[in-house]
Amino acid sequence: MIHATLHQLKVFETTARHSSFTRAAEELEITQPTVSSQIKQLTKAVGLPLFEQIGKRLYLTNAGQELLDTCQDIFARLDNFEMMVADLKGKKQGKLKLAAITTTKYFIPRLLGRFCQIHPDIDVALQVTNHEQIQQRMAQNCDDLYILSQCPETIPLHTEPFLDNPLVVVVAHSSHPLASKTQLPLTALAGEPFIMREFGSGTRLAVEQLLATQDVQVQVKLELGSNEAIKQAIAGGLGISVLSQHCLVGMELSPELTVLDVEFFPIQRQWYVAHLANKQLSVIAQTFRDYLVAKSYDLQTQLVATATKV
Ligand code: PGA
């Protein structure tokens, strides 16, 4: 392996990622014969086949999989090194890979916008997904930082809480029969058509846990995979639902939704910024995490202002 070059490792990593010589050649802007010859030389240096072709598909062998893990580790370290060198030169430059829970779309993109204005040489990739998929991304070490409200117990993480995430019961408008009542028992929800988030959603998990511990059942009439779709469904009179208070920031623009006063609500939760416990954060990821924590006071103030308005 001592004779393998960084270029050969890059060609191998790209081919393995795409499972295709053609796509690797396209991404690297080299010819397909060059890809084949680089892989051939690398295979010779390793002394074992790295790929096997079955039908039209290209599969990694065990040695190929081990080499891919090693390459990803090497390239991540080199990226971190480049970012650190840029930092030593007084410049924040590099890539930031974030994965955030769907409900964070009410504040993370705006924060990122301001962060990128301050650091124009930082490129950001943001994946917005639900808790179930975020766990899969963590298991594959896909991102630098994760923003979520339910930290999985099975994956060792370093977590830092930075913001409240209260879940509230929302109905269509103030003319709803329950809207004028206070201190409603949880059983009051049982008689209402209920709109539930999709399986894998943290909001759904929190609601199901509360209902199960209090032995209350609701009639789920509709299951939707987006907070915005749920807001529209509530406004259209299809039922009631539980949403994060963050979904209601800026609700003065659509005042038809009303928050009910129901026992056990708001369900008090927190947003966390997390990273894999054994992962060394890049300078860029540390800079964003510090920025997020520094901005949490402003975000909390906006949230409290919403709670008093809706
Ligand atoms: P969700 O998460 O968007 O996956 O429902 C929000 C939350 O956990 O509060």
Side-chain angles (χ1 to χ4, degrees), residues 100-108 128-134 147-150 163-271 299-300 302-310:
I101 289 298
T102 30
T103 305
T104 65
K105 74 171 187 190
Y106 295 96
F107 57 93
I108 287 293
V128 179
T129 183
N130 73 20
H131 277 88
E132 173 117 319
Q133 283 159 6
I134 241 172
I147 298 158
L148 73 173
S149 59
Q150 183 111 14
L163 181 62
D164 289 347
N165 177 24
L167 302 184
V168 293
V169 184
V170 185
V171 292
H173 33 69
S174 44
S175 61
H176 190 282
L178 297 182
S180 54
K181 304 207 171 122
T182 55
Q183 298 185 341
L184 288 161
L186 189 62
T187 47
L189 305 187
E192 299 291 322
F194 199 89
I195 307 167
M196 190 68 104
R197 278 284 303 275
E198 81 287 3
F199 181 77
S201 135
T203 309
R204 176 179 179 140
L205 193 67
V207 172
E208 285 180 341
Q209 278 171 350
L210 173 64
L211 295 173
T213 51
Q214 298 306 315
D215 204 14
V216 172
Q217 285 188 351
V218 291
Q219 311 163 31
V220 178
K221 289 285 177 202
L222 191 59
E223 209 178 287
L224 290 174
S226 120
N227 292 320
E228 279 308 302
I230 289 184
K231 276 162 67 177
Q232 293 301 324
I234 300 172
L238 287 178
I240 67 173
S241 190
V242 172
L243 289 171
S244 164
Q245 180 102 40
H246 289 277
C247 306
L248 307 176
V249 171
M251 275 306 292
E252 48 281 19
L253 301 175
S254 61
E256 65 265 35
L257 305 189
T258 301
V259 171
L260 293 186
D261 178 12
V262 183
E263 68 170 335
F264 303 112
F265 284 92
I267 302 174
Q268 294 295 357
R269 312 182 83 216
Q270 291 257 291
W271 289 115
L299 292 170
Q300 188 71 36
Q302 283 170 14
L303 193 64
V304 172
T306 313
T308 53
K309 265 188 212 150
V310 178

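Each residue takes its place number in the sequence, starting with 1.
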**OP:** Begin from the C-alpha positions of Lys221 and Leu238 and carry the test side-chain contact (heavy atoms from CB on, under 4.5 Å) through to its verdict.
**Re:** CA-CA 8 Å; Lys221 289 285 177 202; Leu238 287 178; over 6 Å; no

Closest heavy-atom contact between [X] and [Y]?
{"X": "Asn165", "Y": "Ser244", "value": "OD1-OG, 2.7 Å"}
{"X": "Ser226", "Y": "Ala229", "value": "OG-N, 2.9 Å"}
{"X": "Asn130", "Y": "Gly200", "value": "CG-O, 3.6 Å"}

What is the distance from atom [atom1] of [X] to atom [atom2] of [Y], rounded to the nearest 0.5 Å?
{"X": "Glu132", "Y": "Gln150", "atom1": "CD", "atom2": "CD", "answer": "12.0 Å"}
{"X": "Ser149", "Y": "Leu167", "atom1": "OG", "atom2": "CG", "answer": "7.5 Å"}
{"X": "Ile147", "Y": "Leu163", "atom1": "CD1", "atom2": "CG", "answer": "10.5 Å"}
{"X": "Glu198", "Y": "Leu224", "atom1": "CD", "atom2": "CG", "answer": "9.0 Å"}

Quick one: side chains of residues 209-220, donor-acceptor pairs under 3.5 Å with protein atoms, not counting sequence neighbours, listed by atom name and distance.
unit_1, atom_1, unit_2, atom_2, d
Thr213, OG1, Gln209, O, 3.1
Thr213, OG1, Leu210, O, 2.9
Gln219, NE2, Ala190, O, 3.1

Original post:
Any side-chain heavy atom of Ile101 within less than 4.5 Å of one from Trp271?
Top reply: yes

Original post:
Do Val242 and Phe265 come close enough that some side-chain heavy atom pair is under 4.5 Å?
Top reply: yes

Original post:
Among all residues two or more places apart in sequence or in another chain, which pass the salt bridge (Lys or Arg N to Asp or Glu O under 4.0 Å) test with Glu228?
Top reply: Lys231

Original post:
Given Asp261 and Lys181, is the side-chain contact (heavy atoms from CB on, under 4.5 Å) satisfied, shown in steps?
Top reply: CA-CA 7 Å; Asp261 178 12; Lys181 304 207 171 122; over 6 Å; no

**OP:** Under the side-chain contact (heavy atoms from CB on, under 4.5 Å) rule, what do Leu243 and Ile234 come out as? Steps first, then yes or no, please.
**Re:** CA-CA 11 Å; Leu243 289 171; Ile234 300 172; 4.2 Å; yes

Subject >> Partners passing side-chain contact (heavy atoms from CB on, under 4.5 Å) against Leu260 (at least two apart in sequence or in another chain) >> reply: Val169, Val171, Leu178, Ala179, Leu184, Val262

Subject >> Any residue meeting side-chain contact (heavy atoms from CB on, under 4.5 Å) with Pro166, in chain and number order, not counting sequence neighbours >> reply: Asp164, Gln245, Pro266, Gln268, Leu303

Subject >> Those residues that, when tested against Tyr106, pass ring pair (Phe, Tyr, Trp, His ring centres under 6.0 Å) (two or more places apart) >> reply: none

With sequence neighbours left out, write down each residue that passes side-chain hydrogen bond (donor to acceptor under 3.5 Å, both in side chains) with [X], or none if nothing qualifies.
{"X": "Thr129", "result": "Gln133"}
{"X": "Gln232", "result": "none"}
{"X": "Glu263", "result": "none"}
{"X": "Asn227", "result": "Thr103, Arg197"}

Original post:
Pairs in or reaching into residues 200-210: which pass salt bridge (Lys or Arg N to Asp or Glu O under 4.0 Å), with residues at least two apart or in two chains?
Top reply: Arg204-Glu208, Arg204-Glu223

